[in-house]
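Below is one structure, written out as structure tokens, with a few remarks after it.
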Amino acid sequence: MKNFEYYNPVRILFGKGTIAKISEHIPAGIPVLLVYGGGSIKKNGVYEQVIAALGGYEFYEYPGVQPNPVYEQLMPALDVIKAKKIGFILAVGGGSVIDGAKFLAAAACYEGDDPWDILLKGLPVNEALPLGTVLTIPATGTEMNGNSVVTRKSLGQKLAFGSSAVMPKFSILDPEVTFSLPKNQIANGVIDAFIHVIEQYLTYPSRAEVQDRFAESLLHILKDTGSKVYAAVTPDYNDHANFIWAATNALNTSLSMGVTTDWSTHTIGHELTVLYGWDHAVTLAIVLPGVMQVTGQKRKEKMLQYAERIWGITSFDQNAVIAEVIKQTEQFFRCLGMKTHFSEYGVGEEVIEKVVNQLQSRDVNYLGRGRDITIDDVPAILRSRL
Ligand code: NZQ
Ligand code: ZN
């Protein structure tokens, strides 16, 4: 196991009725900015619960954060933050709303000309407004990490930044809030979280047994309970509870300690969202089987471990095992109603050149942190997904 430092200061308030506890965790007497998305919280009763909990505060609202949050839509909020002397941001929504709020929290304290440079130039974020979250979709893990992904439409860039300064002070995870999710968003959440685990697990052996076994338990829960949540006619509280907690743990930094991580599937996926506007998980479900194909031999040991421990596939013929586990993984996504090939979206071979150009424009050479996938591998990955 490699050396690591572990720090996660996010307070989690988990369970039914926990939105009412917001006021215990926001300091009194400071103006609050309530940031939310396109209106789902107004249809499922979450908005009313939040407004009731904010009863004692001076607060302002900034709605309309779009899926794959957009810099151009977020920037006007900085004027509100300044004019109203906002001292705390409360993000109520999915990964997009929370990531948008993290960007605002960092941008509000940024002293340069354009806070986009935080993402473009990877500038360190040492200071940010404090923020809290009410999570409404289990998927990204952003509720318990310091990452944020934002798109700048005019430049065709979807970029990430990370800082402990934007880790939420608290995150509220009430499973009942997720009962209103449409099926495609449940599928998105299961697949995104599943692939977060894969990005940190399906690389090279590190003798990190805690992380391996933890990753495997999360994969099982996402596969089994995630599928149940997707198929359910009536939501089951405990299934939703386990789904949320698995998704949160899939990207709250604990799995990545002491191991080689990847993130190539995400790197390519973000470019596909820029090009086609697809949901984040839609891109991942197409790309991952291609990444597995191209890395199957290099990552054979972990590939065989994944095959045996998650899918029960064993054989003397290792190549057959690898081929079968790629097939099973793709089939799992398809059972969640997800398409897994470009042709199913009417996209052809042109995608290869477009993605390569996008990556080259930002001088991306190594796609993953394991440095075993380069820009030269991208055509083969994408070609296998046509
Ligand atoms: O906008 P509203 O009206 O709220 O509707 C949303 C949105 O249309 C809806 N929704 C959310 N909760 C709901 C609900 N509808 C009914 N009932 C509920 N309880 O779902 C739609 C999608 O929401 P969004 O926030 O976009 O989804 P998700 O949580 O999947 O977030 C995706 C974004 O997170 C980034 C992605 O790249 C993408 O931009 N990621 C962030 C990461 C991080 N910060 O650590 C890591 C991830 O890998 C990912 O890159
Ligand atoms: Zn993701």
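Start at 1 with the first residue, then count along the sequence. Both counts, for ligands and for their atoms, begin at 1 and track the order of listing.
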What protein heavy atom lies closest to [atom]? Include the residue and the distance to one decimal.
{"atom": "atom 49 (C) of ligand 1", "value": "His280 NE2, 3.3 Å"}
{"atom": "atom 7 (C) of ligand 1", "value": "Pro67 CG, 4.0 Å"}
{"atom": "atom 30 (O) of ligand 1", "value": "Ala139 CB, 3.8 Å"}
{"atom": "atom 28 (P) of ligand 1", "value": "Gly95 N, 3.6 Å"}
{"atom": "atom 34 (O) of ligand 1", "value": "Thr140 CG2, 3.3 Å"}
{"atom": "atom 12 (N) of ligand 1", "value": "Thr136 OG1, 2.8 Å"}
{"atom": "atom 38 (C) of ligand 1", "value": "Asn68 OD1, 3.3 Å"}
{"atom": "atom 35 (C) of ligand 1", "value": "Asp99 OD2, 3.7 Å"}

Nearest heavy atom to atom 17 (N) of ligand 1: which of Ser96, Ser180, Gly37 does it belong to?
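Considering heavy atoms of Ser96, Ser180, Gly37, the nearest to atom 17 (N) of ligand 1 sits in Ser180.
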Should one rank Ser40, Ala91, Pro138, Ala160 by closest heavy-atom distance to atom 3 (O) of ligand 1, which comes out on top?
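Shortest heavy-atom distance from atom 3 (O) of ligand 1: Ser40.
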Would you please test Lys169 and Phe88 for side-chain contact (heavy atoms from CB on, under 4.5 Å) and show each step?
CA-CA 10 Å; Lys169 299 294 168 209; Phe88 196 96; 4.3 Å; yes
Between [X] and [Y], how do the two ring planes meet: parallel, tilted or perpendicular, split at 30° and 60°?
{"X": "Trp116", "Y": "Tyr71", "answer": "perpendicular"}
{"X": "Trp263", "Y": "His196", "answer": "tilted"}
{"X": "Tyr306", "Y": "Tyr201", "answer": "perpendicular"}

Min N/O separation Lys102 to ligand 1 under 3.5 Å:
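By distance alone, the answer is no.
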Is Val177 in polar range of ligand 1, meaning some N or O pair under 3.5 Å apart?
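Looking only at distances, the answer is yes, because the N/O contact criterion of under 3.5 Å is met.
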So is [X] in contact with ligand 1, going by heavy-atom distances below 4.0 Å?
{"X": "Gly39", "answer": "yes"}
{"X": "His270", "answer": "yes"}
{"X": "His196", "answer": "yes"}
{"X": "Asn188", "answer": "no"}
{"X": "Ile41", "answer": "no"}

Considering the heavy atoms of [X], write down every atom of ligand 1 situated less than 4.0 Å from one of them.
{"X": "His266", "result": "48 (O)"}
{"X": "Pro69", "result": "39 (O)"}
{"X": "Gln185", "result": "20 (O), 21 (C), 22 (C)"}
{"X": "Lys158", "result": "36 (C), 37 (O), 38 (C), 39 (O)"}
{"X": "Asn145", "result": "45 (O)"}

With the Zn ion (ligand 2) as the apex, the NE2/NE2 angle for His196 and His266 - to 10°:
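Rounded to 10°, it measures 90°.
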Scan side-chain atoms only and decide if [X] and [Y] contain a donor-acceptor pair under the 3.5 Å cut-off.
{"X": "Ser264", "Y": "Asp262", "answer": "yes"}
{"X": "Glu143", "Y": "Asn252", "answer": "no"}
{"X": "Glu271", "Y": "Gln358", "answer": "yes"}
{"X": "Glu216", "Y": "Gln305", "answer": "yes"}
{"X": "Thr136", "Y": "Tyr36", "answer": "no"}
{"X": "Thr142", "Y": "Asp99", "answer": "yes"}
{"X": "Lys43", "Y": "Ser180", "answer": "no"}

Which N, O or S atom of His280 lies nearest to the Zn ion (ligand 2), by name
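It is NE2 of His280.
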The Zn ion (ligand 2) is nearest to which N, O or S atom of Asp192?
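Nearest to the Zn ion (ligand 2) within Asp192's N, O and S set: OD1.
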Between the side chain of Glu344 and the main-chain N/O of Thr340, is any donor-acceptor distance below 3.5 Å?
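Yes, Glu344 side chain to Thr340 backbone: donor-acceptor pair under 3.5 Å.
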Kindly check if the number of other-residue, nucleotide or ligand heavy atoms within 6.0 Å of NZ (Lys228) is above 12?
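Check fails, neighbour count at 12 or below.
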Heavy-atom pair of closest approach, residues Ile381 and Val291
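For Ile381 versus Val291, the nearest heavy atoms are CG2-N, 3.8 Å.
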Where do Ile268 and Thr283 land on the side-chain contact (heavy atoms from CB on, under 4.5 Å) test, with the steps shown first?
CA-CA 8 Å; Ile268 300 176; Thr283 69; over 6 Å; no
Proximity to ligand 1 by part of Asn44, non-hydrogen separation under 4.0 Å:
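The answer is the side chain of Asn44.
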